[in-house]
Amino acid sequence: MDFNMKKLASDAGVFFSRAVQFTEEKLGQAEKTELDAHFESLLAKADCTKNWTEKILHQTEVLLQPNPSVRVEEFLYEKLDRKVPSRVTNGELLAQYMVEAANDFGPGTPYGKTLLKVGETQKRLGGAERDFMHSASINFLNPLRNFLEGDWRTITKERRILENRRLDLDACKARLKKAKAAEAKASAEHELRVAQTEFDRQAELTRLLLEGISSTHVNHLRCLHQFVESQATYYAQGYQYMLDLQKQLGSSKGEIFPGTFVGNAESTSPPPATTSPTTVAATIPVVATVGRAPNPATAVEGALNLNDVKPPASGTRKARVLYDYEAADSSELALLADEMITVYSLPGMDPDWLIGERGNQKGKVPVTYLELLS
C-alpha cells in the first residue's frame, strides 16, 4: 500500500511538472525542443489522413444506411459484440407490398399481373442492394474502421509518449542551466543524457509509425477500387433488371390498351437507348442523349407500303416532336424537335409506333418522341 501511495504521489508530481513546463512554453517563458521539418510533415500527413478517413467513413455509412436510428442501433450491436439483426431493404419491402396488393386485387387482372412483375423486379433490386451493402461494408468500411481503431490509436499513444519525453528533455535542459554547483551540474548532465536517449528512441519509434501512413494510403486505395467495382456491379444489375421489366411491360401494353395512343406529355428527357450490358458486372453503359426507340416490325408493318398508306377518315391527331430523331431506314420519318406533324395509327401496328406525316413526307415515328395534342 505504501508503495502504491508513493508511486501515485510520484506520478502526480511528474504530471504537475509537465503541466507547468507545457504552460511556460505556451507563454514563451521556456524553451521548446523542435522536431525536424520532415517529422512535422509526417505528423501533418497523419492528422490529415485521420480526419478525412473519419469523414469518408461516416458519409459512406450514411450512403449505405440513410436511417440514423438504424445506424445507431447497429453501432450498439457492434459495441456489445452481438449479431446485427437481418433487415429487409426498402426495395424488398416495396416488393412485399406489391405482391400482397396483387393478391388482393386479383393476380389475373391486368393491374395485378403488373404489380407482380414490378414487385419481382423490386425484390431483385433489393437483393442487389443488400449484396452491395455487404460487399462495401467488408471491403471498404471495415479497413477504414480498422485503421482508426487500430493503427491510429497506436500512433496517438506513441505521440503522447513522445510529447512527454520532450517535456522531460526540456525540463532537464532548464535544470542544467540553473545548476551552479559542480555536483548539481554533473547530476543535471546525467539526467539530460538519459532524457535525450529516451526522447531519441521514442522519436524514432513514432517516426516509423508515421511513415506507415503511406502504406495505409495504398491499402485504402485498393479498398476504394473494390468499393467502386461493387457499386458499378450494383448499378449494372439495377439497370439490367429495369430493362427486363420494361420489356415485359412493353410486351403486355398492347394487350391491355389495344389500339390506343400512348404518349407522355410531361416527359422532359429523351427515352434511353435499350442497349443492355453484356454482363451484369460490366460497367453501366452510357445512355445516349438521343436514343432510338426499339423498332419491332410486325408482319403487318413488314408488308406495309407507305406509298399506299392513306390516313383514316377519323383518328388523326396533331403531335409536337419532343426530341430529334434520325430515321433508321426508309420506312421511318426523321424528326426535328418542336416541329408539328400529323400522326395516326393503323390496325395491327405496334402500339409504340405511329404513322407520321409532314407535308408529302410519310413514315413510322416512335410514340415516346411525341407529345400528342389533339
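What's counted below: heavy atoms across the whole structure, side chains too, no hydrogens, waters or symmetry copies. Keep in mind that what you see is a predicted model, and the values were worked out from it rather than measured.
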Using a 4.5 Å cut-off on heavy atoms from C-beta on, say whether the side chain of [Y] contacts that of [X].
X: Phe147; Y: Thr53; answer: yes
X: Leu192; Y: Leu169; answer: yes
X: Glu371; Y: Leu373; answer: yes
X: Val218; Y: Ser214; answer: no
X: Ser345; Y: Leu354; answer: yes
X: Lys173; Y: Thr33; answer: yes
X: Thr206; Y: Gln202; answer: yes
X: Val321; Y: Leu370; answer: yes

Under 3.5 Å donor-acceptor, [X] side chain and [Y] backbone:
X: Thr233; Y: Glu229; value: yes
X: Asp324; Y: Ala337; value: yes
X: Asn51; Y: Asp47; value: yes
X: Ser187; Y: Glu183; value: no
X: Asn103; Y: Val99; value: yes

CA sep, side-chain torsions, deciding dist, call: Asp244, Gln240, side chain to side chain contact (heavy atoms under 4.5 Å, CB included): CA-CA 6 Å; Asp244 295 341; Gln240 183 63 53; 3.0 Å; yes

Take atom NE2 of His134 as the centre, draw a 6.0 Å sphere, and report whether it contains more than 12 heavy atoms from other residues, nucleotides or ligands. no

Establish, from distance only, whether the side-chain atoms of Gln196 and Arg193 form a donor-acceptor pair under 3.5 Å. no

Determine whether the side chains of Tyr325 and Glu332 contain a donor N or O and an acceptor N or O closer than 3.5 Å. yes

About how many Å separate [atom2] of [Y] and [atom1] of [X], when rounded to the nearest 0.5 Å?
X: Lys318; Y: Leu372; atom1: NZ; atom2: CG; value: 12.5 Å
X: Ile213; Y: Cys48; atom1: CD1; atom2: SG; value: 10.5 Å
X: Thr216; Y: Lys45; atom1: OG1; atom2: NZ; value: 9.0 Å
X: Asn219; Y: Leu224; atom1: CG; atom2: CG; value: 11.5 Å
X: Leu210; Y: His38; atom1: CG; atom2: NE2; value: 9.0 Å

Phe140 and Gln226: side chain to side chain contact (heavy atoms under 4.5 Å, CB included), yes or no, with the steps? CA-CA 7 Å; Phe140 190 60; Gln226 294 175 337; over 6 Å; no

From CA spacing to verdict: side chain to side chain contact (heavy atoms under 4.5 Å, CB included), Leu125, Thr121: CA-CA 6 Å; Leu125 288 172; Thr121 298; 4.3 Å; yes

Is [Y] paired with [X] through a side-chain N to carboxylate O contact shorter than 4.0 Å?
X: Asp36; Y: Arg207; value: yes
X: Lys50; Y: Glu54; value: yes
X: Glu163; Y: Arg166; value: yes
X: Glu61; Y: Arg145; value: yes
X: Arg320; Y: Glu339; value: no

Please say which of Arg124, Arg130, Lys123 ends up in a salt bridge (charged side-chain N to carboxylate O under 4.0 Å, His left out) with Glu92. Arg130

Testing the basics here: between [X] and [Y], what is the closest heavy-atom pair and its distance to 0.1 Å?
X: Cys172; Y: Glu191; result: SG-O, 3.7 Å
X: Ser135; Y: Ser230; result: OG-OG, 2.6 Å
X: Phe105; Y: Thr109; result: O-CG2, 3.6 Å

Is Val88 reachable from Tyr97 through a run of hydrophobic residues whose side-chain heavy atoms are each under 4.5 Å from the next? yes

Same cluster (ILVMFWY, side-chain, under 4.5 Å), Leu162 and Leu205: no

Stepwise side chain to side chain contact (heavy atoms under 4.5 Å, CB included) check, Phe227 with Phe132: CA-CA 9 Å; Phe227 172 73; Phe132 166 58; 3.9 Å; yes

Residue from Val62, Ile56, Leu57 passing side-chain contact (heavy atoms from CB on, under 4.5 Å) with Thr60: Ile56

